[in-house]
Visitor: 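Take this structure, written in structure tokens, and hold onto it; I'll ask about it next.
Here the structure is a predicted model, which means the values were calculated and not measured.
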Amino acid sequence: MMNDLFAPARETMAEGALLLRGYASRHEAEILAGIESVTAAAPFRQMMTPGGYTMSVAMSTCGQVGWVTDRSGYRYSPTDPLTGQAWPAMPPAFLHLATTAAAEAGYPGFAPDSCLINRYEPGTKLSLHQDQDEEDFTQPIVSVSLGLPATFLFGGPKRSDPTVKYPLFHGDVAVWGGPSRLFFHGISTVKDGEHARLGRRRINLTFRRAL
């Protein structure tokens, strides 16, 4: 837990859902090195949805299991379908960031077993969806934004519920669980730009307890 002198700026998105501004920035070097290591072993790829559409967002994964999608559905798999090998281990810096951010948001003891790494380029987006492929909905979601800014859409338990827009910047961490664990959320179309470290890209790390 960060001490009070360095406590992050907080924004409440809903009951059980917090936005921690700039929380990941002080560990930037370790996190970016971890991304390079993971994606060297499990390259980014654009997966296919069960409906046959190719996702615009490119993905990689690390941890015990990885989230995958293809014609047979959405699920977690212990192996990378691209290589047939186990997913890369979660870097220690990733685990430290996820567990401390969760504790900061009121979820102590969070132990993620999967980290989905999404790569957004200008013009890509992620439609409203729920994270519901996990076994235990008492565990929160920890989402880390890096690179280009984006607009986070956070709604309610129904797809038709109104959404609130939250600008996300490099280093911001969103955490949601409890009563908001199954709220719909997404990312608006990412605008063009240039980030000093990541160029024309936005990288998002999503930590979950899948099993």
Visitor: Could you walk me through whether Leu18 and Met13 pass the side chain to side chain contact (heavy atoms under 4.5 Å, CB included) check?
Guide: CA-CA 6 Å; Leu18 284 179; Met13 299 186 292; over 6 Å; no
Visitor: Parallel, tilted or perpendicular: which describes the rings of Phe94 and Phe207, with under 30° parallel and over 60° perpendicular?
Guide: perpendicular
Visitor: Give a yes or no on whether the backbone of Leu211 and the side-chain of Asp113 come within a donor-acceptor separation of less than 3.5 Å.
Guide: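 Here the side-chain-to-backbone pair exists.
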Visitor: Quick one, Arg10 and Leu20 - any side-chain contact, counting heavy atoms below 4.5 Å?
Guide: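 Answer yes - side chains close enough.
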Visitor: I'd like to know if the side chain of Arg202 and the backbone of Phe169 have a donor-acceptor N/O pair within less than 3.5 Å.
Guide: no
Visitor: Whether the side chain of Arg119 engages the backbone of Ile117 through a donor-acceptor N/O pair (distance < 3.5 Å, no angle test) should be reported.
Guide: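 No; zero donor-acceptor contacts below 3.5 Å.
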Visitor: Taking the side chain as every heavy atom from C-beta outward, state whether Pro149 and Pro167 have any pair of such atoms under 4.5 Å apart.
Guide: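 Not in contact.
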Visitor: Taking atom types as modelled, find out whether Ser143 and Asn204 have a side-chain donor-acceptor pair closer than 3.5 angstrom.
Guide: yes
Visitor: Give a yes or no answer on whether the side chain of Trp87 reaches the backbone of Val38 with a donor-acceptor pair at less than 3.5 Å.
Guide: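 Side chain of Trp87 to backbone of Val38: no pair is present.
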Visitor: Just by modelled atom types, is the Met59 backbone N or O under 3.5 Å from a matching donor or acceptor in the Asn118 side chain?
Guide: no
Visitor: Verify, without hydrogens or angle tests, whether Tyr74 (side chain) and Trp67 (backbone) share a donor-acceptor contact under 3.5 angstrom.
Guide: no
Visitor: Kindly indicate whether the side chain of Asp70, heavy atoms from C-beta on, has any atom under 4.5 Å from the side chain of Met47.
Guide: no
Visitor: Would you say Glu134 and Tyr76 are linked by a side-chain donor-acceptor pair, where the criterion is simply a distance under 3.5 Å?
Guide: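 A pair is found: one side chain offers a donor N or O, the other an acceptor, under 3.5 Å apart.
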Visitor: Taking Thr39 for the side chain and Ile35 for the main chain, is one N or O donor matched with an acceptor at less than 3.5 Å?
Guide: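 Yes; at least one donor-acceptor contact below 3.5 Å.
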Visitor: Would a distance-only check, ignoring hydrogens and angles, find a side-chain to backbone donor-acceptor pair under 3.5 Å from Arg209 to Ala111?
Guide: yes
Visitor: Please confirm whether the backbone N or O of His185 pairs with a side-chain atom of His129, one donor and one acceptor, at under 3.5 Å?
Guide: yes
Visitor: How about Trp176 and Tyr166: are their ring centroids closer than 6.0 Å?
Guide: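 Here the rings of Tyr166 and Trp176 have centres that are no less than 6.0 Å from each other.
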Visitor: Quick one, Asp80 and Gln85 - any side-chain contact, counting heavy atoms below 4.5 Å?
Guide: no
